[in-house]
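Down below is the structure, laid out as structure tokens.
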There are 4 protein chains.
Amino acid sequence: MTDQSVSSSPAVDSAGVRKARIREERRQAILDAAIPLFAANGFSDTGISEIAQAAGMSHGTVFLYFRNKEALFFSAVVEPLRDMERAFSFEETEGRPLQRLQQVIANHVRFVAHHRDYLRLVQYVLGHYERFQDSATEVLAQTERYGESLVALIRDGQRAGQLVPGDAHATALAYLGYINGIGLVVDVRGNQESPIWDAMAGLGLRLFGPTNMSDGTK
Amino acid sequence: MTDQSVSSSPAVDSAGVRKARIREERRQAILDAAIPLFAANGFSDTGISEIAQAAGMSHGTVFLYFRNKEALFFSAVVEPLRDMERAFSFEETEGRPLQRLQQVIANHVRFVAHHRDYLRLVQYVLGHYERFQDSATEVLAQTERYGESLVALIRDGQRAGQLVPGDAHATALAYLGYINGIGLVVDVRGNQESPIWDAMAGLGLRLFGPTNMSDGTK
Amino acid sequence: MTDQSVSSSPAVDSAGVRKARIREERRQAILDAAIPLFAANGFSDTGISEIAQAAGMSHGTVFLYFRNKEALFFSAVVEPLRDMERAFSFEETEGRPLQRLQQVIANHVRFVAHHRDYLRLVQYVLGHYERFQDSATEVLAQTERYGESLVALIRDGQRAGQLVPGDAHATALAYLGYINGIGLVVDVRGNQESPIWDAMAGLGLRLFGPTNMSDGTK
Amino acid sequence: MTDQSVSSSPAVDSAGVRKARIREERRQAILDAAIPLFAANGFSDTGISEIAQAAGMSHGTVFLYFRNKEALFFSAVVEPLRDMERAFSFEETEGRPLQRLQQVIANHVRFVAHHRDYLRLVQYVLGHYERFQDSATEVLAQTERYGESLVALIRDGQRAGQLVPGDAHATALAYLGYINGIGLVVDVRGNQESPIWDAMAGLGLRLFGPTNMSDGTK
DNA sequence: TATGAATGAGAATTCATTCAT
DNA sequence: GATGAATGAATTCTCATTCAT
């Protein structure tokens, strides 16, 4: 409709593109406001008005961006999964299996330390999977994919003699539990940069059974 | 009608006692009904009527046993902590530190496997500690106590050379996270007696850094 | 549960029966309050609170008697149909066909004059049959039954030579339209006992084509 | 803005005129879209956006043509009254009173058959006259005028011996009720050209008491 | 002029809590 | 003690209306 030829000059973008961008920004503002609130208070004890206020708009406006509260909650849970997946990526790690594992764990723990709200939200969903089936399904699917990659890496490590032999699936599951669990117990008021997180990363490695134990103690 | 004024004759006394016992039973029935419901649906999405129905009484009756919904929730979260503490007791374990640790873990994992509802509830409370401060405080206090015992045991093990040296507090924290986490990730439909729980117990031991690694692989 | 032996003495009825009766009365009070309001303002412009207030209760109470607003509306429209059917009954008329017809019309007009609110409500439903399908279906079914009886009576009259020959179905339809229509046009502030209603009854007879015209002019 | 003071030069005039005509067309488009919607769903259940969409414009635009929803509704009800009046005109009828009456009825019934939406809307207004006083007043005024003409014609017919003597006002009222009523009861899915309408016209004549009954049976 | 994003009043519905029976 | 009817605060969602673009 509006001419967008080769346009990359902001002036020409104007009409359509600008509008779309603003719209996307507001949408994101709502999600950003919603996540910590849902995380802290759960679904039913978080009011749409509360979210709207936190996002700096009227409650009516929220409904211009999300069909209803359920849809907003779903988006708040599911959309960050993409970023999460990227943060947990195995692709960017390098070196021998054990070293790669250490990098993966470090990334993972860093994510846990920096996104406690979101993690809380995810745990809330998993803890109430009957009630939030749609969201839980998505989360579990992602967990599944992550687990698969992890299993492969564990087997590499076991073959390379860097990890003790054993059921890789069980090990991966134990590790996933560990990662989820430390988010719950590490003092919530703890600083994101607290050395406790490094310790958690180091201890987490032990679950995989590194043959050279000194690696696991840092 | 319910006058027991003269009471001291065993017959009358037992009337009073029986009444108290019945009362206690009904109270407990409410809590037993409430725990899985609160665990599955959270505080606000669990109705008093729902609980009452599950406990086989009218919703009005619930208020004869609990001042209000908050008080009921608090009791549902806090009262089982006593049993939990008993289940996690270090007193009944015996042998050398590592063996005692293995028994502790086994007890712990067994509890997790058998009380998923209650564990979910506790995690829910911890995940929303701002909202459920009273309950969360109690839970954390108990965790603290448990942690202290654990730290002592870890130090024993380290001194005995059965565990690698290291920060016992961090280790205890990591382990607590692990225990909480596996409850979240192990397939919820999983059987209580599933061998997965044994595997989780075995892997959990690794967090403590047993010097003889074969112990950790079961 | 409670003993109701032969009981017919009000004292014994007590518990169960009394409660049921009170419940029925309150339910009816809501309907009685709802009908004129729905009639005057339509479905969406009649608030539950408005109805509740008119019925002398809190709006929350209305929902103890009706699942939701739709259900209340449905009951308000459909339940009086029974009484209406009784009022229009052909059974109690007697004499030759023309005389019976006159009685039927008189009953009918009397009902229209005395239940303008309800009639308005029914017309509202018929006028918005797409939106109120359930209610409209019931109303039409009742109209259908009434029409059948009317057709039979018309044919009797025609056979007896008291009515001119003609399509009895069309005649019945015309009459039903007439009855509905006069409720709309006769001055709404008009008294229920106004002679205008007698005139309407007399003129209505003309639709049936009485052979002795003097009958139709009263 | 729409000032055309100087206007007399055809060029300028035609520009202004065209603009005015376009404006008028859009306005009419809105009304045309609004009538069936208001008729089917009533005032409150018809959204401005719905009307705007049906008229092929944005809801914001509707407010450029009508001050608010009430004003739009009023126009939708009142403006077609002019056309209606023309359709019901007595002026164009000819012949002796009875024949003129037959033409009037035929016109009337034809209008009812062809403008069911609008008729529904008018009936909706009359049925809720307290709520739509302005509109209802206009409708009633028009009905009044129509009634007067009808009364005159009835009296002519009575004087000419073509109609039985009687209260002409009551007769007119009965007829108006009839016309309104048949719109409600004749099967709404019925075709506009259905012979049922001819039958209704024929039967309607009977209300006036034609002395030669054969006229009334068609 | 036309658009559609933003607002906020209003309405239905739920549910903890009270209280008469 | 036990019940469940009644209450009304609180919450989600809709939609007429305004206004910047």
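All values reported here derive from a predicted model rather than from experimental measurement. Throughout, a chain's letter reflects where its sequence line sits, starting with A, and its residues are numbered from 1.
Listed pair A:R26 / E:dA5 fails the phosphate criterion, with no side-chain N or O lying under 4.0 Å from OP1 or OP2. For D:R23, a side-chain nitrogen or oxygen approaches OP1 or OP2 of E:dT1 to under 4.0 Å. For the pair D:S58 and E:dA2, the criterion of a side-chain N or O lying under 4.0 Å from OP1 or OP2 is not met.
One interatomic measurement links the two molecules: CD of C:Q53 to C1' of F:dT7, which rounds to 15 Å at whole-angstrom precision. Distance, B:E25 CD to F:dG1 P: 14 Å, rounded to whole Å. Nucleotide F:dT11 holds its P atom 12 Å from the CD1 atom of A:I51, rounded to whole Å. Atom CE of A:M57 is separated from atom C1' of E:dA5 by 11 Å (rounded to the nearest Å). B:E50 has its CD atom 9 Å from the P atom of E:dC15, to the nearest Å. Atoms CZ (B:R27) and P (F:dA2) sit 14 Å apart, rounded to a whole Å. Atom pair C:L64:CG and F:dG8:C1' shows a separation of 12 Å (rounding to whole Å applied). Taking atom CZ of C:F66 as the reference point, atom P of E:dA12 lies 15 Å away to the nearest angstrom.
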Inset, instruction - Could you walk me through whether D:E130 and C:R120 pass the salt bridge (charged side-chain N to carboxylate O under 4.0 Å, His left out) test, one step at a time? - result: CA-CA 13 Å; D:E130 305 100 324; C:R120 279 216 278 178; 2.8 Å; yes

Inset, instruction - Determine, step by step, whether B:L31 and B:E79 satisfy the side chain to side chain contact (heavy atoms under 4.5 Å, CB included) criterion, reporting the C-alpha distance in whole Å, the side-chain angles of both residues, the deciding distance to 0.1 Å, and the verdict. - result: CA-CA 9 Å; B:L31 291 177; B:E79 296 188 8; 3.2 Å; yes

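Each of B:R23, B:R21, B:R27 was compared with B:E25 under the salt bridge (Lys or Arg N to Asp or Glu O under 4.0 Å) criterion, and only B:R21 meets it.
Secondary-structure annotation of DNA chain E gives the stems E:2-21 with F:2-21, with a stem taken as at least 3 successive Watson-Crick or G-U pairs whose two distances both fall under 3.5 Å.
Under the 6.0 Å cut-off for aromatic ring centres, B:Y124 and B:F132 qualify, their centroids lying closer than that.
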Legend entry - Reading 5' to 3' through nucleotides 16-21 of chain E, protein heavy-atom contacts under 4.0 Å coded B for base, S for sugar-phosphate only, - for none: SBB---

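Between B:F38 and B:K69 the shortest side-chain heavy-atom distance falls below 4.5 Å. Annotation: side chain of A:R26 is not in contact with side chain of A:I30 (no heavy-atom distance under 4.5 Å). Between A:F73 and A:V125 there is a side-chain heavy-atom pair separated by less than 4.5 Å.
Nearest heavy atom pair, residue A:Y118 against residue A:A76, reads CE1-O, 3.6 Å.
Among the heavy atoms of the strands lying under 4.0 Å from D:Y65 are primed sugar atoms or P, OP1, OP2 only; no base atom is included.
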Identify every side-chain donor-acceptor pair in residues 48-65 of chain A under 3.5 Å, counting partners at least two apart or on other chains, and give the distances.
unit_1: A:E50; atom_1: OE1; unit_2: A:G47; atom_2: N; d: 2.9
unit_1: A:S58; atom_1: OG; unit_2: A:G60; atom_2: N; d: 3.3
unit_1: A:T61; atom_1: OG1; unit_2: A:S58; atom_2: O; d: 3.4

